[in-house]
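Atoms within a ligand are numbered from 1 in the order they appear, just like the ligands themselves.
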Amino acid sequence: MDKIRIHGGRPLSGSIKISGSKNSALPILAATLLTREPCTIRRVPDLSDTNYMLQILKHLGAEVERASGTVTIAAVKIDSIAPYDVVRRMRASVCVIGPLLGRCKEATVSMPGGCVIGDRPIDLHLKGFEALGAAVRVEGGNVKVFAPKLTGAVVNLRGKFGPTVLGTDNVMMAAVLAEGTTVIEGAAQEPEVVDLANFLNKMGAKIEGAGTRRMIIEGVKELHGTEHDIIPDRIETGTFLVAGAIAGKGVTLKRTEAQHVQSITDALIKSGFKIDITRDTISVAPNGATTPLELTTEPYPGFPTDMQAQMCALLSTTDGISVITEQIFPQRYMHVAELKRMGANVDLEGPTAVIKGVHQLHGAPVMASDLRASAALVLAGLKAEGITEVSRVYHIDRGYEHLDEKLSELGAEIERVKD
Ligand code: EPU
């Protein structure tokens, strides 16, 4: 297993390009199952999660060709069963259920387990499929959904922690081939949901209201092949903005979409950093003294849960007391114990982290536990005095395309070493 070793304290400067969005690419790749015609998707990031998704599509019978960031998928004839062995490595595998149900009118997919960031049920996905007329059975660790025909319906997908991103995606992908009109109330508004809806509309679907809380989907008889470019990854953008804030002299991110990261740039400006935005770049630079923050994670356009760990790393060396409340995944604090090993002063009170800024973090061997927690440890390592070694790097490779190489381009002293 690889480790990432960082010699902290090197100032970052210069520019890097942001990759295509992981969380857009995963459901869009799954959506290609909805047509027998070939689809070409560009700017698919080279990550273990996108590779798992392509393996699942191949298992289901699709032909997949990948040339760098461009993937062509032809799902001419497909099977509707995805067993445990094939889907267990990635929770986002659940987003094949919607397209399989839409196209084959049945799907049997192994249920995802919990994960370190929390419980992660799929009850809202299933509620949506049932509303469309599907029967749902959970047996032998599999979820089986089937319907002689799907019929449009009104369904509210808001749960106790707010809207569901993959749930909205899944129900939308089943509803595009249902008979009649489906209305999704309480829909997720994330840019990745909009990207999927745009892709489906290019395939011939009729979806309105993506990006709002109410989506209207008029079912069509069939979809056709198309081409699409994945949007820039807003969480990778946010992570590099924090890298620039924590250790930068002036860092510019290219191929970004500033509107998608406004809650993050607003937070950085409030904390005292200088942010400059052009049509497709964002720059971050120090601007004198910094101030602590109070942040609460919320569904888009609020501050994203996927940036909570990285902000913990930044605020752990910001003078004063910062408070972060995690509303989406209240237990998503695996990074805190590791940050404390580097000298951070953080108290957890249920879903709230109280962070007392320390003057200096110290390099230490630390363990990655999930994707964003691992990124937070790398960011802390950029700032820390001495050497930080982050083990279990496979978590980072699930969701960041060449994180170490991009940081190295910016001047970080960072290397990948074998355990
Ligand atoms: N929830 C339910 N029932 C459901 C579905 C969700 O109660 O049926 C709850 C969840 O437990 C959570 C909340 O609703 O408390 C929101 O979860 P959501 O369904 O929106 O999460 P997701 O769609 O499974 C996506 C991203 C996550 C990101 C969340 C929230 C992908 C592949 N994953 O997950 O990304 O944290 O939305 O924005 O799009 C990551 O990239 O590191 C990551 C974890």
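For Lys144 against Thr108, the heavy-atom pair with the smallest separation is CG-OG1, 3.6 Å. Closest heavy-atom contact between Ile6 and Gly381: CG2-O, 3.6 Å.
In this structure, ligand 1 sits under 4.0 Å from heavy atoms belonging to Lys22, Asn23, Arg91, Ala92, Ile117, Arg120, Pro121, Ile122, Asp123, Leu124, His125, Phe161, Pro163, Thr164, Val165, Leu166, Thr305, Asp306, Ile328, Phe329, Arg332, Leu371, Arg372.
No side-chain N or O of Asn142 forms a donor-acceptor pair with one of Arg137 less than 3.5 Å apart. Looking only at atom types and distance, the side chain of Asp276 has no donor-acceptor partner in the side chain of Ser283 under 3.5 Å away.
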Test side chain to side chain donor-acceptor pair (under 3.5 Å) on Ser19 and Glu401 and set out the steps. CA-CA 7 Å; Ser19 300; Glu401 194 176 46; 2.5 Å; yes

For Thr239 and Gln310: C-alpha separation, side-chain torsions, deciding distance, then whether side chain to side chain donor-acceptor pair (under 3.5 Å) applies. CA-CA 7 Å; Thr239 303; Gln310 300 89 318; 3.1 Å; yes

